[in-house]
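This is a predicted model, so every value here is computed, not measured. Here is how names work: the chains are called A, B, and so on, in the same order as the sequence lines, proteins then strands, and each is numbered from 1.
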Amino acid sequence: MAEEIIYKYGHIEILPTRMQEYIKQQEMNEAERERIVKARNIHLDWYHRHFAYEVLKPPAEEWEPKA
Amino acid sequence: MPYQLSKKDFYAEPLSKAKPIDEEFVKEAYLVFACRHKFCRDICPNFDITRNEAHSSYGFHTSILAVSRGVGQLDELIDNFTYCLECGACELRCPNTCMGGDFYRRSTTTVDLVRKIRRDHMADGGEIKNWSAVKEYLDEHRGFVATQGDLVTKWAEGIKVAGDLKTALFVDFFTATQGTEVPRLAAQVLNKLGVKYGIYTTPGVTAPELLSENDDEWKKYAGENVANFKKLGVQTLVVMNPHDYALLIREYPKWFDMDGIETVFITDFILKKMKEKGVTPPKAIEGKFAYHDPCTLNTLVVEAESPRDLVGMVPGAEIVDVPPGNQWRYCCGNGNGPYRKLHEDIAYRIGQKRLRAAADLGVDTILVACPHCKDQFTDVKQKAGLPVEPVHVIELVAKAMGIEWETTSPTIG
Amino acid sequence: MTAATSTYGAVTDEVVAELKRLLGDENVLTDMHERAMRAFSCAPAPLHRWKDQTPDVVVLPGSTEDVVGVLKLANERRIPVTPRAGASGLADGAMPLRKGICVDIKRMNEIFEIDEDNMCATVGTGINMLKLNEVLEPLGKIYPDDLAGYANAMLGGRIGCGGWTLIGGKFGHIPDTVISMECVLPDGQVIWVGGGGTKKIRKSSSGYRLKDLFMQHQGTLCIATKAVIELYPKSEVEFAGYFAFDNWDDAYAALYDVTTRGFGNLSSAMIFDDKKIDFLRRDDEAFIPLPKEVKFVDLFTMYGLKCEVEPAVREGFRIMKKHGGRYLGPEQGEGDWASRHDRYHLSYHGRTPDGQATLMSWHCEDTAAYHTALPILREQYHEIVGRYMTEYPGVFDDWGIFIYTSNPFKGWGDYLIEIDVGIAELQYNDETWDAWIRMKREIAEAAVAQECSVSICHGSCREGDDDVAMHKEMKNGTFDIMKKIKRMIDPNNIMNPGKYCLDEAYDD
Ligand SMILES: Cc1cc2nc3c(=O)[nH]c(=O)nc-3n(C[C@H](O)[C@H](O)[C@H](O)COP(=O)(O)OP(=O)(O)OC[C@H]3O[C@@H](n4cnc5c(N)ncnc54)[C@H](O)[C@@H]3O)c2cc1C
Ligand code: SF4
Ligand code: SF4
């Protein structure tokens, strides 16, 4: 039951119609969402660095980096 | 930096011991309780010292949920709600924000909650231990409002201020009275760079402490500021104190239309101007420095780059501290509100821990980007006898730009 | 109620005064909100019975001596004691079923020694692994207890549960990485238990191996106050590869091959089943959106020296591709693996049958299964949860299954099969709580019917699990010995009473 989602300004978002009954969305603008995404990336980077010095890339023959 | 809007309307309705907690609010408390992962707890600089989980985002929300279930009383909780630095780290670390806040357009807002609970409690006739020290501080600032023109420009004596208010320096009472070196040196750096600016002279009471006491009064001052910015034709607001900066970026847009006004933090502004004009500070300052990311920039606004990049412009100067992501869990101990006035001892211990981490890096100077951090570290250094001198990034840059001033930092001096 | 539980002493003003004398006023908490928030642990909780399990007093000891004082007093007065560490335990071990004294050990978080020569550290059990690793970082060392609750669990709770680690395939789990520990027994006696009788020796043949006895007892035997733990060099590299599969059989076969190949660096291998993928697709903001045709995902991770991991990763790719696995790219690997501790169970992640986002709490069933039991348990678990979803629409939600390697230092044989269930906890009442216990019991029984174990991480001490674990899984004599040991060490049944059916130890 993969859900339909909204894709805008480069991120995905739940269909607002799903946030009507039990739990409602708060007022949030794009800058705030950018802040959250940025924080998430900082946090994920931190996790990688925390457990190992380097994240190994896949073998070159297995993956072509996107242009 | 674009204004960040994140607002829960139901926070406006005061909680009171006289009535049951509203269903919307119960859900809000539950959202945090439901996760219970308590990532918010272990990142909290206050919890790191007190080790009492009641003093954490998890604790705050759970105690409210308990009250809604008839376990405990609202007015008994207030002591808990004084144990918050308003640093925002827990909000970011909460998976409901960090992993899903953008997707669901709903996130954990602990700082707003803490302020709300404090002011609802006082509005309901309750008291907060040690609040008199906070009130005194706010009263002092309220008093400044009457004489402010004089005060907020006094720091600039002897400095040539040549521009109009299109580019306005926003200097609050704290910075104008206790952190004077920051605006003084910043103004001189801007002069050297040939940047024209004016000084905004009526900031009102800007202290975030006021949001915990009376948000209507805070909004009154803020509203007057916005009206003035527009009347005076302010296009770019250059802010000295990151506490003000965080309020302008995060709180103002909740209530006011900030269209047409760009708010920039001082280090960002200087950095941009240096780049625009192709200027590199001429004087090298060889040295390794600790750097403390202020929570107002690092977690509340998540814009920690500019002070670090500005230090990077100074030939020879190098930051050897851990990156911003590791500093979410640090605080200088002052807090972005009344914390230090309410919990002097814990504030000191938080600061001591932070300064010791700097000392462990083997440096003699910790750079800061916030006058409150500097004030706090100066205190802590003295009390703890730690050999690390707090210096504002602007001081370092001023020195590198050839502006003379007295410093106690062995490396910079 | 048995004879042993009917005669507990009360936490009187005098007891509180004595605790304050022992620990200092500020470390003895009696306010309702302080107690109320220590009524539950991390799993979906009986909110409708909040007061019934709120401790009478909370103490925050700062040292072994403090703990000795508290336990002696509790033992003399026969007051129940519940140790509480990070309170992230998912089997409710830290829930004070009989109220009494909550011993919250978070202040005992010192690092006493880092012994680089012998690659171990001595720490207080109130320490959190993440915090510890930040201190170890400049030394290039790490304590590799990478559980999903990494940022919140504390060593005492890890010992209390005998916890499991995501990357235990290379680094081992808590019973392996804790070398020895200091324990305070209910009568106040302080002992140090390890492989043998000393603190830093890992492997000894001397005497009984008591370390294992004082591991995963959920605070029913003692309070661990210090531990010597294993240090590892921080890994040079990390690699996490995610591979898409069209069907269960291929994903399962690939898991077998990758775990039995004999890699020295394989830290974990996993399957995300189709229901888990569907669940994640609800809000896959960090989980990079997967192509529609992806049904199952296998993951393998490797940590260690670059010169070893690089060729091993190539071999891992070969195995995955042999079974039809399609590599999902580094973005997926890096983004998802780094969010392994955080992303799976947001409070908004539940959905009602009509598709509304709802507020749910996460429950994780953590069966220890061997390889050939995995397919049948997967089917049975979904069937059980599905039935309860139909019967109680909007209360329960199937959040899919993860399968992880769990044999320490090697990938084969044992696996964790975890079905995650969303629960609308705010809607709990006696009826739904009861349904939930029945569901748990069915899952536990299905596991034991396959000769598997009820729990691999959290402990089987929750209502719904404990009875099945003690009376069915442990029926071959283990539970009988447990009861004898319990009664010998804790004659007054003050240590976390009500857990693991151990009240039965006192039935004369
Ligand atoms: C998001 C999340 C992910 C998780 N992932 C994992 C995982 O990957 N692997 C895993 O194993 N677990 C996992 N868990 C469960 C939990 O983190 C572990 O069970 C952990 O061991 C609990 O530690 P704690 O410090 O929170 O202990 P608590 O919950 O406080 O206590 C656990 C038990 O130990 C007892 N105890 C506490 N301190 C002591 C002591 N000093 N001496 C004796 N007994 C004591 C308590 O009484 C209780 O019975 C996860 C939990 C969460 C919330
Ligand atoms: S805002 Fe900061 S001090 Fe306050 S609870 Fe959150 S992490 Fe702790
Ligand atoms: S504030 Fe967030 S991390 Fe903390 S218990 Fe919560 S929901 Fe979890």
Contact check, side chains of C/Pro291 and C/Leu328, non-hydrogen atoms, under 4.5 Å: yes

Chain C neighbours within residues 49-56 of chain A, where any heavy atom lies under 4.5 Å away: A/Arg49, A/His50, A/Phe51, A/Ala52, A/Tyr53, A/Glu54, A/Val55, A/Leu56

Heavy-atom check, side chain of C/Asn247 versus side chain of C/Lys295, under 4.5 Å: no

Partners meeting side-chain contact (heavy atoms from CB on, under 4.5 Å) with C/Asp246 (sequence neighbours left out): C/Arg326

Partner of C/Phe243 under ring-ring contact (aromatic ring centres under 6.0 Å, His included), chosen from C/Phe272, C/Phe296, C/Phe317: C/Phe317

Partners meeting side-chain contact (heavy atoms from CB on, under 4.5 Å) with C/Thr358 (sequence neighbours left out): A/Tyr22, C/Thr352, C/Met360

Contact leader toward chain A among C/Gly329, C/Gly241, C/Gly140, C/Pro330, where contacts are heavy-atom pairs under 4.5 Å: C/Pro330

Residue pair C/His341, C/Asp146: steps toward the side-chain hydrogen bond (donor to acceptor under 3.5 Å, both in side chains) verdict: CA-CA 9 Å; C/His341 304 140; C/Asp146 178 29; 2.4 Å; yes

Centroid-centroid distance, C/Tyr404 to C/Trp164, less than 6.0 Å: yes

Contact check, side chains of C/Ile111 and C/Leu132, non-hydrogen atoms, under 4.5 Å: yes

C/Glu134 and C/Lys131 ion-paired at < 4.0 Å: no

Contacting region of A/Ile14 [heavy-atom separation from chain C under 4.5 Å]: side chain

Chain A neighbours within residues 298-309 of chain C, where any heavy atom lies under 4.5 Å away: C/Tyr303, C/Lys306, C/Val309

Validation row: C/Thr432, C/Tyr392 side chains within 4.5 angstrom (heavy atoms): yes

Side chains of A/His48 and C/Glu334 in contact at under 4.5 Å (non-hydrogen atoms): yes

Proximity breakdown for A/Glu61 and chain C, heavy-atom pairs closer than 4.5 Å: side chain

